[in-house]
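Structure first, commentary second.
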Amino acid sequence: MIALGRAFLAATLVFLYLPIAVMVAMAFNASPLYTLPLEPTFHWFGVLAQNGPLLAATSNSLVLALATAVIATAVGTLASLALNRRSFRGQSLLKVLLLPPIAIPWLITGTAMLLFFFWTGIGRGLHAMLIGHVALAIPYVVLIVGAGMQNLRAELEEAAMSLGSTPLHAFFAITLPLLAPSIVAALLFAFAVSLDQFVVSYFLATPGVSTLPVEIYTSIRKGFTPEINAISAIFLGVSAVLVLVFAQLSNLGGNRDRR
Amino acid sequence: MAHEVEVNIPRPARRRRQGWATAALLAPAYGWLLLAVFLPLCAMLFFSFLKTSPLPGRPLFYTVNNYLAFINRPYLFDVAWTSIRIGLWTTGLCAVIGLPAALALARATSGRSKHVLFLLIILPFWTNGLVRVFSWTMVLREGGLLDYALHLVIPGAPAFSLLYSFPAIIIGLVHAYLPYMILTCYLSASAIEDGYVEAARSLGARTPVVFWKILLPLSLPGLISGSILIFVPVIGSFMEPRILGGRIGVTMGTVIEDQFTAAFNWPLGAALSFIMLAVVLVIFAASARVLRAGGALQ
């Protein structure tokens, strides 16, 4: 049974990685029509370096992801402090209100943002995408930082305060340093959420200003060359590194207790 | 000292100060969610009752016709049915693959290899979904990887392509959402104590019996919360059906996308979005208890 289970797990992994492997392989394949057998080349990376719109969209994506990560982490960490360290009326309702941005299909959230931003004059473009991405990332930040805070005993802050520290000082001297791994994990997660976000960006993009996923979608519908594979391969590497760091910090998988 | 100052403030005033501090901590996050999620959803509800998109200076006309679209435009019924079929197939296949994989991960691996395998399963999750879907076109198309492999085995076989078919859409979606199912089932599966399985075995139960009587029932919370987490976004998907389904990939998602990007019939798009949202909320409400037990909600 154990051997069977392992074989099944291996087959599942092959299925999960098959398209990813094909994508990377095709980035190094000479044929622009993705035909086999493989003829290795770096040609598409060179073509990529010449593609202005694609590079502009990539830099938009990176700037947006960075800004989203910083804002969502700051705002989300504050909310997480209130939700986990204080008790007040309506607390559980506020926790439930974090779910819609995660649970409602992005198609609905994205179209609603398009309507509302257009109607109120906020308009579309990078600033609108920033508003949207931060909103999608905040719940994750609150949950990730909240999980870290639950592992952190409130007595530590109380001890500091009973020794004469102000709440603010206790936060910066005790809570923040101990919470740092969770905060960095939240930062990375928010960055990844924004970097991969397609649906909301798609509805808020303007013809001149788009992000990499939006640009890829447009290219797929037009039919395009393997330079998309080249940039996807680069991004795959970036994402993989982010996840590994995130996993290390947030103790994902659960069997590596830091205590 | 600061702490003593705190103590000397009368209690109601202190509580009021604490209340203000709590509000100040919460205001940025919830203000942001209000602006970017909740107000837009309200605006969409309003739009769904309009006859045409509002233009400055023009009077508004209200109608419920957008909600009667399923009666006025019968093809929407087929589209909705396609979306539901896609949702059921995707969820079902994810369950059939995800549960055994999660059980295997929880019970047939240990220590460091478990940790590594766990990471390997969630890693694809963090790579761009569009890119993964596009990669499937390179596998499934004529002259693609599957076709190539087939001709290596049977040289004279006719050209083979799965692209732009119903199965292609399902393959892409199962690939996109399988990690959800493995994750939720893994949480349930790793909580199953070895003692139950050992007891059953010592009483003579064989593997199928152990699976049906012990592993499956105890994994059920994970299976159900995984199914909901998959079914809900899948019925709203539009990018995968478009890329992998081509002309046959007309779903509620693609129809809504068209209303917003091509047809500019925002009121109809808003009404269809709201009908979908209602379905989603019903599913969540019906399963709230299971989700809470499965740990998907707090």
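Chain naming here is simple, since letters A, B, ... match the order of the sequence lines and numbering starts at 1 in each. Computation of the quantities below employed the complete heavy-atom set of this structure, encompassing side-chain atoms and omitting hydrogens, waters and symmetry-equivalent molecules.
A/Trp106 CH2: 12 or fewer foreign heavy atoms inside a 6.0 Å radius. Atom CZ of A/Phe118 sits in a sparse spot, with 12 or fewer heavy atoms from other residues, nucleotides or ligands closer than 6.0 Å.
Using a 4.5 Å cut-off between heavy atoms, A/Leu97 contacts chain B through both its backbone and its side chain. Only the side chain of B/Ile256 comes within contact range of chain A, with at least one heavy atom under 4.5 Å from a heavy atom of that chain. When heavy atoms are compared at a cutoff of 4.5 Å, B/Ile243 approaches chain A solely by way of its side chain, counted from C-beta outward. Looking at B/Ile235, there are no atoms closer than 4.5 Å to chain A (heavy atoms on both sides), in backbone or side chain. Heavy atoms of B/Leu41 lying under 4.5 Å from chain A belong to its backbone as well as its side chain. Of the atoms belonging to A/Leu94, heavy atoms from both backbone and side chain fall under 4.5 Å from chain B. Contact annotation for B/Phe274: neither backbone nor side-chain heavy atoms come within less than 4.5 Å of a heavy atom of chain A. Within the 4.5 angstrom heavy-atom criterion, only side-chain atoms of A/Phe8, from C-beta onward, approach chain B. Within the 4.5 angstrom heavy-atom criterion, atoms from both the backbone and the side chain of A/Tyr217 approach chain B. In this structure, the portion of B/Val280 lying under 4.5 Å from any heavy atom of chain A is its side chain and not its backbone. At a 4.5 Å heavy-atom cutoff, the contact between A/Ile108 and chain B is made by backbone and side-chain atoms alike. At a 4.5 Å heavy-atom cutoff, the contact between A/Thr12 and chain B is made by side-chain atoms alone. Contacts of A/Pro213 with chain B are made by both backbone and side-chain atoms, with heavy-atom separations under 4.5 Å. Proximity to chain A (any heavy atom under 4.5 Å) is restricted, for B/Thr261, to the side chain, taken from C-beta onward. Heavy atoms closer than 4.5 Å to chain B are found in the side chain of A/Leu13, but not in its backbone. When heavy atoms are compared at a cutoff of 4.5 Å, B/Leu35 approaches chain A by way of both its backbone and its side chain. Contact of A/Ala72 with chain B is not made at all, since no heavy-atom distance falls under 4.5 Å.
Judged by distance alone, with hydrogens and angles left aside, the side-chain atoms of B/Ser83 form no donor-acceptor pair with the main-chain N or O of B/Thr251 at under 3.5 Å. Without hydrogens or angle criteria, A/Asn229 side chain to A/Met23 main chain gives a donor-acceptor distance under 3.5 Å. Judged by distance alone, with hydrogens and angles left aside, the side-chain atoms of A/Thr109 form a donor-acceptor pair with the main-chain N or O of A/Pro105 at under 3.5 Å. Judged by distance alone, with hydrogens and angles left aside, the side-chain atoms of B/Glu240 form no donor-acceptor pair with the main-chain N or O of B/Arg242 at under 3.5 Å. Side-chain atoms of A/Thr111 come within 3.5 Å of backbone N or O of A/Leu107 as a donor-acceptor pair. Judged by distance alone, the side chain of B/His175 and the main-chain N or O of B/Ile171 form no donor-acceptor pair under 3.5 Å.
Taken from SG in B/Cys94 to CG in B/Leu99, the straight-line distance is 12.0 Å, to the nearest 0.5 Å. From B/Leu140, atom CG reaches atom CG of B/Leu244 across 6.5 Å, with rounding to the nearest 0.5 Å.
Considering only heavy-atom pairs separated by less than 4.5 Å from chain B, the leading option among A/Phe117, A/Tyr17, A/Phe203 is A/Tyr17. With chain B as partner, the option from A/Ser92, A/Ala25, A/Ala79 having the largest number of non-hydrogen pairs under 4.5 angstrom is A/Ala79. Note on A/Leu81, A/Ile102, A/Leu114: by heavy-atom pairs under 4.5 Å with chain B, the leading option is A/Leu114.
Under the salt bridge (Lys or Arg N to Asp or Glu O under 4.0 Å) criterion, A/Arg85 pairs with A/Glu157, not counting sequence neighbours.
Residues A/Val200 and A/Met129 fail the side-chain proximity criterion, which asks for heavy atoms closer than 4.5 Å.
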